[in-house]
Amino acid sequence: MLLFEDFRSKLLAALTRAIPNMDGKDLLLDSSGHGDFTLRLFRLIKDMNSTPGEIYNLVLTAVSAEDYVEGAELAASYINFRIKPEKMFSAVTESMSARGQYPDIFQDPERVLVEHTSANPTGPLHVGRVRGSIIGDSLAKLLTRYGYRVSTQYYINDSGKQMIALYEGFLRYGQNSMTPESLLKGYQEIYRAMESDKTIGEDLEKLIQAYEKGDRSIIMKIREIASVMLQNIRESLQQLDIKIDDYVWESDFLMGGDVDNVVHELSEHLNDEDGAKFIETDDGSKVFLKRKDGTSLYFARDIAYHLFKSLNFDWFIDVLGEAHKDHGKNLGYVLKKLLDLDQKLDFLYYGFVSLETGKMSTRMGQIVSLWDLISRTEEEALSIVTAKRQDLPREKLSEISKNVARSSIRFNIIRVNPVKTMVFKWNEALNFEGDSAPYIMYSYTRASSILEKAGDTALNDFRFTDDHEKKLVRSIYLYPYYLEEATKSLRSDIISSYILGLVKSFNDFYSQCQVLNAPEADRNRRISLVKMYRDILDDACKIIGIKNVDEM
RNA sequence: GGGCGCGUGGCCCAGUCCGGAUAUGGCAACAGCCUCCUAAGCUGUAGAUCGGGGGUCCGAAUCCCCCCGCGCCCGCCA
């Protein structure tokens, strides 16, 4: 949980003492520019059979002893509260100097596992799948920032039909070359061949059976192939600074007997259809665990995996593409209703990413791979930064453009609510103006530039008089409220909205208020404010994976 | 056909959970701002029947119902 000077809660407590009918829902962060917090009176007017004026008098009395309240104004059916900017400023500086961060956290004992990406290692990661990686990684960082103990895992589906196809594709068309490129080619080739040659499908069935009977040579070969692809995926993720803590092999659950145990444990709920085993869920849908030939299906193996998760974690969050909604629902049913799992289980689904030309498909070769995206974005960033900063050495330019590219890719994906489908467009991916990562990073470098020139300052007595300063202070101070909301709803995109607002406040301030050339008293206060801004901005940026640089 | 989700200026997006003060920003367009801490910035102009229709309410982008459009799912694939 977050620890900070929470003026909203204090205000609510004070108001509730005077007005017992108060509903916390009516005291909100003000987003209309009238004040810092706002109290909606509609409900109170009705409940108390009173008038805005009468309530306003009660409120004035209630907050008279609250030293952080600067004022309260009645406007239409609202009472707008202004909090002293000096108090908000101190709340942040005191936390920063005492605890090194704002807000501080109280470590939650709950151990959280965020599973994400988990793409079949049949090809390089494409921009559709990487949406899950970026959402998952940011979610893990968000929950960590909130105080949870978080791990991330990638579930490697090395046991299914698709991996068998990859393996067989390699044998037939791979020409003994175990590179991601030739493996992918073999994979695409075999699906093409299968359209005209039905015997291939039968061969794959036999291979699956041999695999599940424990044929070491096949299993190890597939692991080898999967490792090659996985290495490619890991390296591309690393370019976005996404590191997954653990990679869990699906085949381990098969070989270790865990899948058999799952089937055994669920035996009383199993139905039979020609020898195939399925469960009927509460909404009447059939979910198969075993084929009629006795081999296992993904659902059974995923249950085994989740039971494994329960050994070490109290809360699992699976980040999945929306295509897996039913899978998630069924999984939840089996785990919670049939197996009495008491751990918390949440699914975070993200919408499909398509290309302007249609949907992406690894099998069809219709993809923009993460590698394509990274190289083109870096290229674009490099050409821009090179044009703007001819004074910088080549290595510096390259480093900056790498960070710009990485941050842009992450920001463009994380800024959109996960439930929305997206159409990937190059001109949007390569836009570095407006609501973009470089816009944010640029603002950071401006702050850095000031601070580098500023030297040491002492801040004694201070008062904020300038509106731009006040707005910036408020924006910084409100950070925990957004952290709270983002965490509660598992939505990192809320952090990106917050950042854009924060940056806007700073840019306004920057364009209107001189810092270094200001009179001594203003100068010291503003330097502290800039420092505070840079700290909070960077804190928030880390959550969504924007990597700031000191100059660009 | 059934289930789930989405629909906000030409384009992208916030706000919808929890109904309230003139619907948030950006891109593109147009007009301005570098003798001043980095112009990847700032200011201004123009652009919205919040998919459509009903309903509830003092009040609806937000809640309810119907309809339309789009996406995903409805495999002994994952």
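First the proteins, then the strands, lettered A, B, ... as listed; each starts at 1.
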Quiz item: B:G59 C1' sits how many Å from A:Lys46 NZ, rounded?
Solution: 11 Å
Exercise. Consider the side chain of A:Glu322, meaning its heavy atoms from C-beta on, and name the nucleotide among B:C72, B:G20, B:A40 that approaches it most closely.
Key: B:C72
Quiz prompt | Paired nucleotide for B:A48 [Watson-Crick or G-U wobble; both distances under 3.5 Å] | solution = none
Quiz item: Could you walk me through whether A:Lys396 and A:Glu551 pass the side chain to side chain contact (heavy atoms under 4.5 Å, CB included) check?
Solution: CA-CA 9 Å; A:Lys396 190 78 186 167; A:Glu551 56 179 338; 3.6 Å; yes
Exercise. Looking at every strand, decide which applies to A:Asn417 at a 4.0 Å heavy-atom threshold: base, sugar-phosphate, or nothing.
Key: sugar-phosphate
Quiz item: Is the phosphate of B:C77, meaning OP1 or OP2, less than 4.0 Å from a side-chain N or O of A:Arg291?
Solution: yes
Practice problem: Check every atom of B:G26, B:A21, B:C76 against the side chain of A:Asp435 and return the nucleotide holding the closest atom. | Solution: B:G26
Practice problem: Just call it for A:Arg301: base, sugar-phosphate, or nothing, with non-hydrogen atoms closer than 4.0 Å on any strand. | Solution: sugar-phosphate
Quiz item: When you match A:Leu500 and A:Ser32 each to their closest nucleotide on RNA chain B, which lands nearer the 5' end?
Solution: A:Ser32
Quiz item: Partner of B:G59 by Watson-Crick or G-U wobble geometry, both contacts under 3.5 Å, or none?
Solution: none
Exercise. Counting heavy atoms from C-beta on, name the nucleotide in B:C4, B:U43, B:C12 closest to the side chain of A:Asp508.
Key: B:U43
Quiz item: A:Lys504 side chain: which of B:U43, B:G20, B:C37 is closest?
Solution: B:U43
Quiz prompt | Test applied, ring-ring contact (aromatic ring centres under 6.0 Å, His included); reference residue, A:Tyr533; option that passes from A:Tyr510, A:Tyr479, A:Tyr444, A:Phe506 | solution = A:Phe506
Quiz prompt | Closest listed nucleotide, where the reference is the side chain of A:Phe352 and the choices are B:C17, B:C72, B:C13 | solution = B:C72
Quiz item: Looking for any heavy atom pair under 4.0 Å, which part of the strands does A:Arg526 touch: base, sugar-phosphate only, or nothing?
Solution: nothing
Quiz item: With both distances under 3.5 angstrom, what nucleotide forms a Watson-Crick or G-U wobble pair with B:C18?
Solution: none
Practice problem: Could you tell me whether A:Gln512 contacts a base, only the sugar-phosphate backbone, or nothing, with contacts defined as non-hydrogen atoms closer than 4.0 Å? | Solution: nothing
Quiz item: Going by the salt bridge (charged side-chain N to carboxylate O under 4.0 Å, His left out) test, which pairs reach into residues 26-35 of chain A, not counting sequence neighbours?
Solution: A:Asp26-A:Arg40, A:Asp26-A:Arg43
Quiz item: Only one of A:Leu28, A:Leu12, A:Leu29 forms a side-chain contact (heavy atoms from CB on, under 4.5 Å) with A:Phe37, so which one is it?
Solution: A:Leu29
Exercise. Considering non-hydrogen atoms only, spot the tightest contact between A:Tyr305 and A:Gln153 and give its length.
Key: OH-OE1, 2.7 Å
Quiz item: In whole angstrom, what separates A:Leu289's CG from B:C76's P?
Solution: 12 Å
Practice problem: Step by step, work out the ring-ring contact (aromatic ring centres under 6.0 Å, His included) result for A:Phe299 and A:Phe288. | Solution: CA-CA 7 Å; A:Phe299 190 69; A:Phe288 283 84; over 10 Å; no
Quiz item: In whole angstroms, how far is the P atom of B:C74 from the CZ atom of A:Phe288?
Solution: 13 Å
Exercise. Output the single nucleotide from B:C76, B:G19, B:A40 whose closest atom is nearest the side chain of A:Glu273.
Key: B:C76
Quiz item: Whom does B:C6 pair with, Watson-Crick or G-U wobble, provided both distances fall under 3.5 Å?
Solution: B:G69
Quiz item: Where the side chain of A:Phe42 is concerned, which of B:G20, B:A78, B:A14 is the nearest nucleotide?
Solution: B:G20
Self-check item: Per A:Gln514 side chain, nearest of listed nucleotides B:A78, B:C37, B:C13
Solution: B:C37
Quiz item: When you measure from the side chain of A:Asn517, which nucleotide among B:A14, B:C76, B:C36 comes out closest?
Solution: B:C36
Practice problem: Would you give the length of the straight line joining atom CZ of A:Phe424 to atom OG of A:Ser354, rounded to the nearest 0.5 angstrom? | Solution: 11.0 Å
Quiz item: Roughly, in whole Å, what's the span from CG in A:Leu382 to P in B:A40?
Solution: 16 Å
Quiz item: How is A:Tyr439 classified with respect to the nucleic acid when contacts are heavy atoms under 4.0 Å: base, sugar-phosphate, or nothing?
Solution: sugar-phosphate
Quiz item: Can you find a donor-acceptor pair, distance only, under 3.5 Å between A:Asn80 side chain and B:A21 base?
Solution: yes
Quiz item: Looking for any heavy atom pair under 4.0 Å, which part of the strands does A:Asp272 touch: base, sugar-phosphate only, or nothing?
Solution: nothing
Quiz item: Counting any heavy atom closer than 4.0 Å, what does A:Tyr510 reach on the DNA or RNA strands: base, sugar-phosphate only, or nothing?
Solution: base
Practice problem: Would you indicate what A:His327 reaches in the nucleic acid, counting non-hydrogen atoms under 4.0 angstrom: base, sugar-phosphate, or nothing? | Solution: nothing
Exercise. Figure out the NZ/C1' separation between A:Lys425 and B:A28, and round it to whole Å.
Key: 12 Å
Exercise. Would you indicate what A:Val385 reaches in the nucleic acid, counting non-hydrogen atoms under 4.0 angstrom: base, sugar-phosphate, or nothing?
Key: base
Practice problem: Could you tell me the separation between the NE2 atom of A:His34 and the C1' atom of B:G20, rounded to a whole number of Å? | Solution: 12 Å
Self-check item: In B:C57, glycosidic geometry as syn within 90° of 0 or anti otherwise
Solution: anti
Quiz item: Which base, if any, makes a Watson-Crick or G-U wobble pair with B:C74, both distances under 3.5 Å?
Solution: B:G1
Quiz item: Roughly how far apart are A:Leu472 CG and A:Ser505 OG, rounded to 0.5 Å?
Solution: 6.0 Å
Self-check item: salt bridge (charged side-chain N to carboxylate O under 4.0 Å, His left out) partners of residues 320-331 of chain A, not counting sequence neighbours, each pair once
Solution: A:Asp283-A:Lys329
Quiz item: Would you say the side chain of A:Asp30 and the base of B:A21 hold a donor-acceptor pair, judged only by whether the two atoms sit under 3.5 Å apart?
Solution: yes
Exercise. Establish, with yes or no, whether the OP1 or OP2 oxygen of B:C13 is under 4.0 angstrom from a side-chain nitrogen or oxygen of A:Arg415.
Key: no
Quiz item: Any donor-acceptor pair under 3.5 Å joining the side chain of A:Thr38 to the base of B:A21?
Solution: yes
Self-check item: B:C42 OP1/OP2 closer than 4.0 Å to side-chain N/O of A:Asn507
Solution: yes
Exercise. Salt-bridge test for A:Lys470 and A:Asp466: reply yes if a basic N is under 4.0 Å from a carboxylate O, no otherwise.
Key: no
Quiz item: A:Lys488 near the nucleic acid: base, sugar-phosphate alone, or nothing, with a heavy-atom cut-off under 4.0 Å?
Solution: nothing
Quiz item: Please give, in whole Å, the distance from B:G15 C1' to A:Glu485 CD?
Solution: 10 Å
Practice problem: Determine the contact category for A:Leu516: base if any of its heavy atoms lies under 4.0 Å from a base atom, sugar-phosphate if only primed atoms, P, OP1 or OP2 are that close, otherwise nothing. | Solution: base
Practice problem: May I have the distance from A:Glu551 (atom CD) to B:A40 (atom P), rounded to whole angstrom? | Solution: 14 Å
Quiz item: Is A:Met441 touching bases, backbone alone, or none of the nucleic acid, heavy atoms closer than 4.0 Å?
Solution: nothing
Quiz item: Starting at the 5' end of RNA chain B and moving along, which residue's nearest nucleotide shows up first, A:Val515 or A:Ser489?
Solution: A:Ser489
Practice problem: Return the nucleotide paired to B:A31: Watson-Crick means purine N1 to pyrimidine N3 with N6-O4 or O6-N4, wobble means G-U with N1-O2 and O6-N3, both under 3.5 Å. | Solution: B:U43
Quiz item: To the side chain of A:Lys325, which of B:A40, B:A78, B:G5 is closest?
Solution: B:G5
Quiz item: When we call it a touch if two heavy atoms are under 4.0 Å apart, what does A:Lys453 touch: a base, just sugar-phosphate, or nothing?
Solution: sugar-phosphate
Exercise. Give A:Thr421 one of three labels, base, sugar-phosphate or nothing, depending on what nucleic acid heavy atoms sit under 4.0 Å from its own.
Key: sugar-phosphate
